Amino acid sequence: MWNAPQKPFRIFGSAYYVGTHGLSSILITSARGHALIDGALPESAPLILANIRALGFRSEDVKLILNSHAHYDHAGGIEALRQATGATVAASRWSARTIEAGKGIPGDPQFSIVLPYPPVPTVRPISDGEVLRAGDVALTAHFTGGHTPGGTTWTWKSCEEQRCLDFVYADSQSPVSADDFLFSRNTTYPNALADFEHSFSVLESLSCDILLTPHPGASNVFERLAARDSGNANAFVDRDACGRLAKENRRQLDARIAREKGAGR
Ligand SMILES: [Zn+2]
């Protein structure tokens with residue numbers, strides 16, 4: 001139930017979960033404007049907007065919309081959110097081209113199976129390491145391809161009083177593809193394995209107090225929320241979470257490559 005409603009909540013400091021129960025959308029606020037990461041499905045946009053308002057924020061104060069990767073379950077709602085907020089949409093060059101097309105483009109391991117979604121007329125292309133600002137919010141882009149060529153992980157700091165924590169919104173690193181695509185040998189995305197390797201090392205090297213992911217289950221968001229509700233104030237803080245996720249993703253990729261090699265014999 002990807003689009004099941006979810007009551008929004010503060011994760012820590014200026015960072016809020018405003019997505020659905022099955023798909024993340026993260027609001028990072030400041031007095032002079034907010035940033036939003038990911039738009040979930042096309043039909044998720046009204047829920048995300050209602051969640052932003054339920055927290056007491058104005059949707060018109062969202063100045064910047066960012067994306068993890070340009071599949072319909074994370075970028076599908078972006079155009080409706082852009083229209084409702086007037087925000088600028090920014091993404092890696094490959095993701096920008098995909099979001100402007102509103103459908104899969106060659107190079108996507110899921111090219112032949114991804115669903116289309118409402119395209120965004122203009123997406124500002126960004127570069128690896130670029131810092132994007134919305135009001136006083138500053139987010140750093142880390143290109144972490146593999147799942148798609150344009151995958152991007154976002155990092156920022158959120159503070160409560162004197163305590164500041166490093167957030168990592170890590171893009172999906174799962175080797176999922178259409179049946180006709182092999183990560184270990186293909187002509188449309190020859191850098192796939194090198195991109196995965198780069199992404200795992202990025203994930204391992206980032207300072208990571210709080211891990212979030214486009215699919216909330218991959219970072220145990222609701223287990224952590226339940227733990228916090230029952231008294232563990234630091235349930236979202238887990239400095240090993242990024243390293244564990246990288247390790248799990250490496251294991252998945254190794255298994256996938258072994259299967260591809262077996263199938264080729
Ligand atoms: Zn995806």
Side-chain angles (χ1 to χ4, degrees), residues 1-4 19-26 36-45 48 65-81 89-120 123 141-154 168-183 186 188-189 191-193 195-200 202-203 211-219 221 242 245-246 248-253 255-257 260:
M1 281 304 295
W2 272 356
N3 208 46
T20 65
H21 192 66
L23 294 167
S24 298
S25 179
I26 307 297
L36 184 70
I37 312 177
D38 277 349
L41 299 164
E43 57 268 39
S44 308
I48 293 170
I65 301 176
L66 305 171
N67 173 241
S68 54
H69 68 270
H71 284 154
Y72 70 102
D73 48 343
H74 311 293
I78 288 180
E79 173 56 9
L81 292 164
V89 180
S92 68
R93 200 164 287 277
W94 190 90
S95 293
R97 271 200 289 137
T98 304
I99 295 168
E100 288 175 352
K103 59 180 186 183
I105 63 173
D108 188 337
Q110 299 183 46
F111 176 60
S112 61
I113 53 169
V114 280
L115 298 180
Y117 54 87
V120 176
V123 179
H142 306 265
F143 286 3
T144 48
H147 183 80
T148 68
T152 305
T153 289
W154 293 97
V168 176
Y169 186 78
D171 187 27
S172 305
Q173 294 302 332
S174 50
V176 179
S177 76
D179 289 343
D180 58 6
F181 182 93
L182 296 176
F183 285 96
N186 67 78
T188 57
Y189 185 14
N191 289 333
L193 294 185
D195 280 2
F196 269 121
E197 195 46 53
H198 171 74
S199 300
F200 300 154
V202 167
L203 206 48
L211 170 68
L212 301 171
T213 46
H215 293 273
S219 45
V221 164
C242 285
L245 183 63
E248 167 60 17
N249 288 329
R250 260 184 218 284
R251 197 193 55 73
Q252 287 177 4
L253 183 63
R256 167 69 194 236
I257 293 169
E260 291 186 358

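The basis for the numbers below is simple: all heavy atoms, side chains too, and nothing from hydrogens, waters or symmetry mates. Whatever order the structure lists ligands and atoms in, that order sets their numbers, starting from 1. Here the structure is a predicted model, which is why all the values come from computation and not from measurement.
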>> side-chain contact (heavy atoms from CB on, under 4.5 Å), that's the test. Do Leu23 and Asp38 meet it? Break it down for me.
In response: CA-CA 9 Å; Leu23 294 167; Asp38 277 349; over 6 Å; no
>> Before you tell me yes or no, could you show the steps for Leu253 and Glu197 under side-chain contact (heavy atoms from CB on, under 4.5 Å), namely the whole-Å CA-CA distance, both residues' side-chain angles and the distance that decides it to 0.1 Å?
In response: CA-CA 10 Å; Leu253 183 63; Glu197 195 46 53; 5.8 Å; no
>> Walk me through whether Gln173 and Arg250 qualify under side-chain contact (heavy atoms from CB on, under 4.5 Å).
In response: CA-CA 9 Å; Gln173 294 302 332; Arg250 260 184 218 284; over 6 Å; no
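At a cut-off of 3.5 Å, with distance as the only test, a side-chain donor of His71 or Asp108 sits close to an acceptor on the other residue.
For Asn3, the side-chain hydrogen bond (donor to acceptor under 3.5 Å, both in side chains) test picks out Ser44, with sequence neighbours left out.
Protein N/O/S atoms closer than 2.8 Å to the Zn ion (ligand 1), listed by chain and residue number, are His69 NE2, His71 ND1, His147 NE2.
Using a 4.5 Å cut-off on side-chain heavy atoms (C-beta onward), Val168 and Leu212 make no contact.
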